[in-house]
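As the structure is a prediction and not an experimental result, all values here were calculated from the model. Just so you know, ligand 1 is whichever comes first in the structure, and atom 1 is the first atom listed for that ligand.
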Amino acid sequence: MSLTPLKTLQQIFGYESFRGVQADIIEHVVAGGDALVLMPTGGGKSLCYQIPAIVRAGTGIVVSPLIALMQDQVDALLELGVRAAFLNSTQDRAESLRVEQAYQAGELDLLYVAPERLLTPRCMELISRGKIALFAIDEAHCVSQWGHDFRPEYLGLSVLSERWPQVPRIALTATATAETRAEIATRLALDAAPHFVAGFDRPNICYRIIEKNEVRRQLLAFIRAEHTGDCGIVYALSRSRVEDTAAFLSKNGIEALPYHAGLDTATRARNQSRFLREDGLVMVATIAFGMGVNKPDVRFVAHIDLPKSVEGYYQETGRAGRDGLPATAWLAYGLQDVVQQRRMIDGSEGDQVYQRRLLQQLDAMLGLCETVSCRRKNLLAYFGQTIEPCGNCDTCLEPPEAWDGTVAAQKILSAIYRLWRERGQRFGAGHIIDVLRGQSTERVRQYDHLSLSVFGIGADLSVAAWRGVLRQLLALGLVTVDLEGYGTLALTESSRSVLKGEQTLMFKRHREAPPRAAGRRSTQDPAITLPPDVQQLFDGLRGWRSGVAHSHGVPAYVIFHDATLREIARIRPQTMDELAGISGVGVRKLEAYGADILACVGAQTSVA
Ligand code: ADP
Ligand code: ZN
């Protein structure tokens with residue numbers, strides 16, 4: 001007789017109760033229903049298919065795009081005593097034969113397969129020879145052609161419903177605007193399946209967005225001040241920026257590795273594996289990195305270039321703090337990012353509809369950057385959820401001062417207008433700001449701009465303040481970057497109402513120094529800082545854990561999460577029963593490691 005879902009959660013995974021919609025999803029799938037699951041990164045999607053796969057008769061087939069991570073996923077399940085395996089191109093023939101036999105003999109609870117492998121006639125044939133408990137389609141947004149992770153192989157997966165109409169299918173993703181959701185349902189033939197939407201909030205992540213000036217220096221200062229010794233991910237847009245930034249951090253004493261599509265497979269795999277296995281490494285990467293990486297103790301995610309969409313940003317930042325402990329999402333952006341991205345969109349292949357969509361995504365991202373209200377509120381609104389201001393983002397912790405920027409906006413708009421109307425010229429931000437501030441530069445003299453009526457009318461604001469005004473005008477769609485020219489500025493349809501004085505504009509005051517608000521939080525938060533004796537036991541347990549992880553050849557978090565070790569260090573269990581009560585300690589781990597842990601606790605207690 002198999003266990004109930006709740007007993008499976010408690011005994012195998014060692015967790016007390018289901019989170020939010022998990023219980024409903026699991027009940028529905030165990031009963032044989034299809035489902036579309038939308039949960040933020042770190043929300044707990046894996047259990048939604050793992051538990052039904054364990055509870056139902058047969059094997060759960062998990063479609064996952066990430067060959068490089070299957071080994072770790074399977075290792076983690078084996079540590080829990082779940083019968084799991086994978087089939088992919090990293091295995092030799094003998095090994096895949098063993099897995100195939102185990103599957104046919106009904107000896108597996110879960111089998112991970114990449115979509116391209118699954119869809120081969122040979123693999124379809126193989127799985128039809130065993131009993132299928134369910135199909136789980138992980139990272140289901142990979143089926144979306146508009147999305148940032150499109151995988152053509154995913155389009156073939158609708159065949160599963162035709163061939164096995166009776167087998168429940170559960171598609172899971174963390175990327176979930178209404179649009180993407182509809183696309184997933186159609187393409188995977190899940191039109192009739194209920195959608196289970198979890199709360200998208202990640203309360204332990206503190207969101208911060210700063211103005212970019214010297215971004216590498218700003219990044220270094222941020223890591224040094226708030227995250228020394230922590231594991232983190234830094235996202236950059238191009239390969240060369242990834243390389244430069246990784247080298248820069250390493251030279252400055254922060255061990256960092258690069259990851260991008262231009263590196264050979266072996267180097268990428270090695271860097272990824274080091275990141276997962278070692279403590280305190282920083283991965284500097286393009287967005288090619290991170291999907292499916294479920295390292296729970298990533299303490300910060302930093303973006304040194306503006307992400308292309310809020311969806312992408314939310315997914316990337318969601319990789320921080322899966323263990324529920326405080327984490328930071330840090331983004332630096334500037335005017336240049338906007339110019340560059342507009343240019344990239346213009347140069348991108350694809351029809352107008354596609355380009356318009358990219359522009360809308362960029363505008364939403366700019367809106368988030370320039371908001372004067374709660375970042376989290378703004379983020380969640382994008383996913384259709386409403387909250388009160390959060391108290392854990394930069395704008396909540398240190399509300400930006402607002403100022404009436406109507407006149408400033410009129411000055412800059414009329415400068416752009418006049419240069420265009422009177423001289424037929426268009427310029428980029430730098431020159432327009434020089435003109436406004438009355439700077440007699442070589443260029444100003446060359447074009448005889450000293451004689452313009454707008455020359456010098458904006459001497460009251462600094463260059464940085466003017467750039468702030470421009471960024472906000474761009475975010476509001478009151479100025480646009482001309483795609484024909486070299487990032488020159490142009491007015492839009494809506495600029496007129498500002499020039500006519502029909503609109504009041506409240507802007508965020510530019511800050512010369514970035515707010516230090518969140519630093520206060522993450523370094524002194526009691527959730528992070530332990531009392532000395534607890535810290536000592538925690539360090540001891542971590543030392544023990546790295547020995548075990550090393551000898552098993554798995555990342556440390558596969559043995560126990562930091563959160564579990566912290567809890568053990570705090571509670572100091574004296575008996576196996578007490579230890580079993582701690583979240584993250586299931587039957588198998590208790591059996592395998594219980595005695596060692598109690599010995600660690602005992603040794604430290606007797607010293608103290
Ligand atoms: P996702 O795949 O949605 O990003 P995971 O499945 O990796 O998230 O889960 C995130 C973390 O939350 C994991 O460390 C997992 O063990 C933990 N978790 C999931 N469900 C529960 C639960 N019901 N109780 C306690 N911890 C949970
Ligand atoms: Zn907030």
Evaluate the criterion side-chain hydrogen bond (donor to acceptor under 3.5 Å, both in side chains) for residue pair Tyr154 and Arg187; output intermediate values, then yes/no.
CA-CA 9 Å; Tyr154 264 65; Arg187 295 195 193 277; over 6 Å; no
With the Zn ion (ligand 2) as the apex, the SG/SG angle for Cys393 and Cys396 - to 10°:
100°
Is Gln22 close to ligand 1, meaning an N/O of one under 3.5 Å from an N/O of the other?
yes
Minimum heavy-atom distance Arg299-Leu325, with the two atoms named:
NH2-O, 3.0 Å
Within the 4.0 Å heavy-atom shell around Pro40, which atoms of ligand 1 are there?
3 (O)
Donor-acceptor contact below 3.5 Å, side chain Arg545 vs main chain Phe560
yes
Heavy atom to atom 7 (O) of ligand 1, shortest distance: which of Met39, His561, Arg322, Lys295 holds it?
Arg322
Check ligand 1 against Leu47 and write out every atom of the ligand that is under 4.0 Å from a heavy-atom position of the residue.
19 (C), 20 (N), 21 (C)
Given Ser583, Gly42, Ala76, identify the one with the heavy atom nearest to atom 10 (C) of ligand 1.
Gly42
Could you list which atoms of ligand 1 come closer than 4.0 Å to a heavy atom of Gly44?
1 (P), 3 (O), 5 (P), 6 (O), 8 (O), 9 (O), 19 (C)
Do Arg471 and Tyr333 form a cation-pi contact, if we require the NZ or CZ to be under 6.0 Å from the six-membered ring centre and within 45 degrees of the ring's axis?
yes
Compare every heavy atom of Ala549 with every heavy atom of Ala556, then report the nearest pair and how far apart it is.
CA-CB, 3.7 Å
Got a sec, which residues hit salt bridge (Lys or Arg N to Asp or Glu O under 4.0 Å) with Asp297, two or more places apart in sequence or on another chain?
Lys295
Hey, looking at atom 6 (O) of ligand 1, which of Gly292, Gly43, Ser46 has the closest heavy atom?
Ser46
Can a cation-pi geometry be assigned to Arg375 and Tyr207, taking NZ or CZ under 6.0 Å from the six-membered ring centre and within 45° of the ring axis?
no
Could you tell me whether Phe383 and Tyr314 have their ring centroids closer than 6.0 angstrom?
yes
Looking only at protein heavy atoms, which one is nearest to atom 15 (C) of ligand 1, and how far off is it?
Tyr15 OH, 3.7 Å
Are Phe222 and Phe300 an aromatic pair, judged by ring center distance below 6.0 Å?
yes
Metal site angle (apex the Zn ion (ligand 2)), SG from Cys374 and SG from Cys390, 10 degrees
100°
Starting from atom 18 (N) of ligand 1, locate the nearest protein heavy atom and write down its residue, its atom name and how far away it is, to 0.1 Å.
Arg19 NH2, 3.5 Å
Quick one: which ligand 1 atoms are inside 4.0 Å of a heavy atom on Phe18?
23 (N)
Decide whether the shortest distance between a heavy atom of Ser17 and an atom of ligand 1 is less than 4.0 Å.
yes
